[in-house]
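Heads up: numbering here begins at 1 and tracks the sequence. Values reported hereafter were calculated over all heavy atoms of this structure, with side chains retained and with hydrogens, waters and symmetry mates removed.
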Amino acid sequence: MFLAAAPYFQTRFADNANILEHFQSAITSVGCITNLLSMLILGQLQAKASYPKRILLALVLNFIVFTLLSISVTYFRSISATGYFVFTLIMVFSTSVATGLCQNGAFAFASSFGRPEYIQAIMTGQAVAGVLPSVAQILSVLAVPAPSPSASSADQLLTTNAGNTTSATVYFSTATAISFLTLFAVIPLIRKHNRILESQMMTSITSIEEAEQAKRKVVGMWTLYRKLHWLAASVFLCFAVTMFFPVFTQKIVSNRPQDHAPRLFQPSAFIPLGFLIWNVGDLAGRLVTLGPLNLRHRPVALFVVAIARAGFLPMYLLCNILGKGAVVKSDVFYLFGVQFLFGLSNGWLGSCCMMAAGEYVDDGEREAAGGFMAINLVGGLTAGSLLSFVAAGVK
């Protein structure tokens, strides 16, 4: 949500050049560091953990965060760029705590069933969650009338800013609605899980949570690392490399002249389009793992692929960064040769790694393995977000 809303944040931070240049990296760094720390803490709290409660708490927290963001678009207009930047980072911090709760809860909850396709379903759901915000952003931008070519520069700027404000309102409101609906959608699944546990409960166990805890085996991180080191390293590298794409995506514009380009190829829509194509590729990659193109039984090969993905990063330098001209003057090359394939490789590799984890540990270690792999995933995101500050200065 925060990454694909780059055009809106660019208008809010336009008065501060330093924030404007680094807000994307700052958002990803705060988000990923917070997420990683929360995941590490939650990973140590295995024995008494209630994973369904963590999922529910995460959804409630996200609902609150995006409600506040929706309100801020209209009612916090007089706040300075610095003030709104601080508010944004607080919202990022809060939703990252929610993400930690949800990732830890969801992966552990799904891993407990011992079915790799359940993990694949979560990975696919995350990809859908990446596609929907970009679609909402593009549609909301296109729904606002374009500035008249005959209007003055000041009037065109006002119209563009108004369009970004309207699209952001729709954008954040969509996230609020999705959080609310998901909260209700997950309740029947938790009830079904509880009924299964109830049927398995021993007479000496008096509650669902006691049944879960009796079944659970507390496993140390080092034990899990010895069993899952290739997969852990692969998923870490996968998402570390991936975190460079948001920084480049919010800088790259269409090769078409802006004064003659269709609305979709103007920066306010083209930047979300770049995120959309990447996320569509990511979704396709995760779906591909349902078929025979799945290397989850070859962890070393997955590690080699994770290293090879770094080759996508120099390809961004061939594109039209900040409108200064491209080496390869083709939007098709950028959108499909770079964004789509980069996203495709991320979805495929990440899903293969996460699906394989449960097959290399004992039955009682599956919940812990799911949480451990999620920690490595978030660790990769964090490392990549910090390294992305280097790319933030590319002009």
Under 3.5 Å: donor-acceptor pair, side chain of [X], backbone of [Y]:
{"X": "Asn320", "Y": "Lys324", "result": "yes"}
{"X": "Asn104", "Y": "Gly100", "result": "no"}
{"X": "Lys329", "Y": "Ala326", "result": "yes"}
{"X": "Thr176", "Y": "Phe172", "result": "yes"}
{"X": "Arg309", "Y": "Cys238", "result": "yes"}
{"X": "His22", "Y": "Ile19", "result": "no"}
{"X": "Ser96", "Y": "Asn35", "result": "no"}
{"X": "Thr34", "Y": "Gly31", "result": "no"}
{"X": "Gln339", "Y": "Ile277", "result": "no"}

[X] [atom1] to [Y] [atom2] distance, which is reported to the nearest 0.5 Å:
{"X": "Ile55", "Y": "Leu183", "atom1": "CD1", "atom2": "CG", "value": "11.0 Å"}
{"X": "Phe239", "Y": "Leu377", "atom1": "CZ", "atom2": "CG", "value": "4.0 Å"}
{"X": "Met123", "Y": "Glu117", "atom1": "CE", "atom2": "CD", "value": "15.0 Å"}
{"X": "Asn376", "Y": "Cys353", "atom1": "CG", "atom2": "SG", "value": "10.0 Å"}
{"X": "Leu295", "Y": "Cys352", "atom1": "CG", "atom2": "SG", "value": "6.0 Å"}
{"X": "Thr95", "Y": "Ile90", "atom1": "OG1", "atom2": "CD1", "value": "13.5 Å"}

hydrophobic_cluster_shared for [Y] and [X], side chain cutoff 4.5 Å:
{"X": "Ile321", "Y": "Val332", "value": "yes"}
{"X": "Leu313", "Y": "Phe336", "value": "yes"}
{"X": "Ile375", "Y": "Val235", "value": "yes"}
{"X": "Phe244", "Y": "Tyr334", "value": "yes"}
{"X": "Val253", "Y": "Phe245", "value": "no"}

Minimum heavy-atom distance between [X] and [Y], given as atom pair plus value:
{"X": "Ala106", "Y": "Ile122", "result": "O-CD1, 3.3 Å"}
{"X": "Ala310", "Y": "Pro314", "result": "O-CD, 3.5 Å"}
{"X": "Ala369", "Y": "Val361", "result": "CB-CG2, 3.9 Å"}
{"X": "Pro299", "Y": "Ser234", "result": "O-OG, 4.0 Å"}

TODO: For Leu69 and Val73, run side chain to side chain contact (heavy atoms under 4.5 Å, CB included): C-alpha distance rounded to whole Å, both residues' side-chain angles, the deciding distance at 0.1 Å, then the answer.
DONE: CA-CA 7 Å; Leu69 279 166; Val73 175; 5.9 Å; no
Task: Derivation of the ring-ring contact (aromatic ring centres under 6.0 Å, His included) call for Trp278 and Phe340 - done: CA-CA 5 Å; Trp278 191 96; Phe340 181 81; over 10 Å; no
Open item on the list: How about CZ on Phe180, more than 12 heavy atoms from neighbouring residues, nucleotides or ligands closer than 6.0 Å, or not?
Closed with: no
Open item on the list: side chain to side chain contact (heavy atoms under 4.5 Å, CB included), that's the test. Do Leu283 and Leu287 meet it? Break it down for me.
Closed with: CA-CA 6 Å; Leu283 174 59; Leu287 291 174; 4.2 Å; yes
Is the shortest heavy-atom distance from the side chain of [X] to the side chain of [Y] under 4.5 Å?
{"X": "Leu228", "Y": "Leu231", "value": "yes"}
{"X": "Ile178", "Y": "Phe66", "value": "no"}
{"X": "Val378", "Y": "Thr382", "value": "yes"}
{"X": "Ile271", "Y": "Gln10", "value": "yes"}
{"X": "Leu344", "Y": "Leu341", "value": "yes"}

- [ ] Keeping to residues at least two apart or across chains, list the ring pair (Phe, Tyr, Trp, His ring centres under 6.0 Å) pairs with something in residues 301-320.
- [x] Trp230-Phe303, Phe248-Tyr316, Phe312-Phe342
Open item on the list: Show me the pairs that pass ring pair (Phe, Tyr, Trp, His ring centres under 6.0 Å) and involve residues 343-369, at least two apart or across chains.
Closed with: none
Task: Thr124 and Gln120: side chain donor to acceptor below 3.5 Å - done: yes
Task: Modelled atom types, side-chain donor and acceptor of Thr242 and Asn346, under 3.5 Å - done: yes
- [ ] Please test Phe93 against Leu89 for side chain to side chain contact (heavy atoms under 4.5 Å, CB included), starting from the C-alpha separation and ending with a verdict.
- [x] CA-CA 6 Å; Phe93 172 84; Leu89 292 183; over 6 Å; no
TODO: Please collect all salt bridge (Lys or Arg N to Asp or Glu O under 4.0 Å) contacts where either partner lies in residues 267-295, sequence neighbours excluded, each pair once.
DONE: Asp282-Arg286
TODO: Test side chain to side chain contact (heavy atoms under 4.5 Å, CB included) on Lys251 and Gln24 and set out the steps.
DONE: CA-CA 10 Å; Lys251 291 176 179 287; Gln24 197 82 312; over 6 Å; no
Open item on the list: Would you call the rings of Phe9 and Phe13 parallel, tilted or perpendicular, taking 30° and 60° as the class edges?
Closed with: parallel
TODO: Show which residues join Ile33 in its hydrophobic cluster (side-chain heavy-atom contacts under 4.5 Å, direct or indirect), or state none.
DONE: Leu37, Leu386
Open item on the list: Under 4.5 Å side-chain heavy-atom separation, chaining through any Ile, Leu, Val, Met, Phe, Trp or Tyr, what else clusters with Val304? Say none if it is isolated.
Closed with: none
Task: With Asp331 via side-chain contact (heavy atoms from CB on, under 4.5 Å) - residues at least two apart - done: Ser254, Asn255, Arg256, Phe265, Phe270
Open item on the list: My understanding is that only one of Ser179, Cys102, Ser94 makes a side-chain contact (heavy atoms from CB on, under 4.5 Å) with Asn62; could you say which?
Closed with: Ser179
Open item on the list: What verdict does the ring-ring contact (aromatic ring centres under 6.0 Å, His included) test give for Phe85 and Phe23, after you've listed the backbone C-alpha separation in whole Å, the side-chain angles of each residue and the deciding distance to 0.1 Å?
Closed with: CA-CA 8 Å; Phe85 182 59; Phe23 79 88; 7.8 Å; no
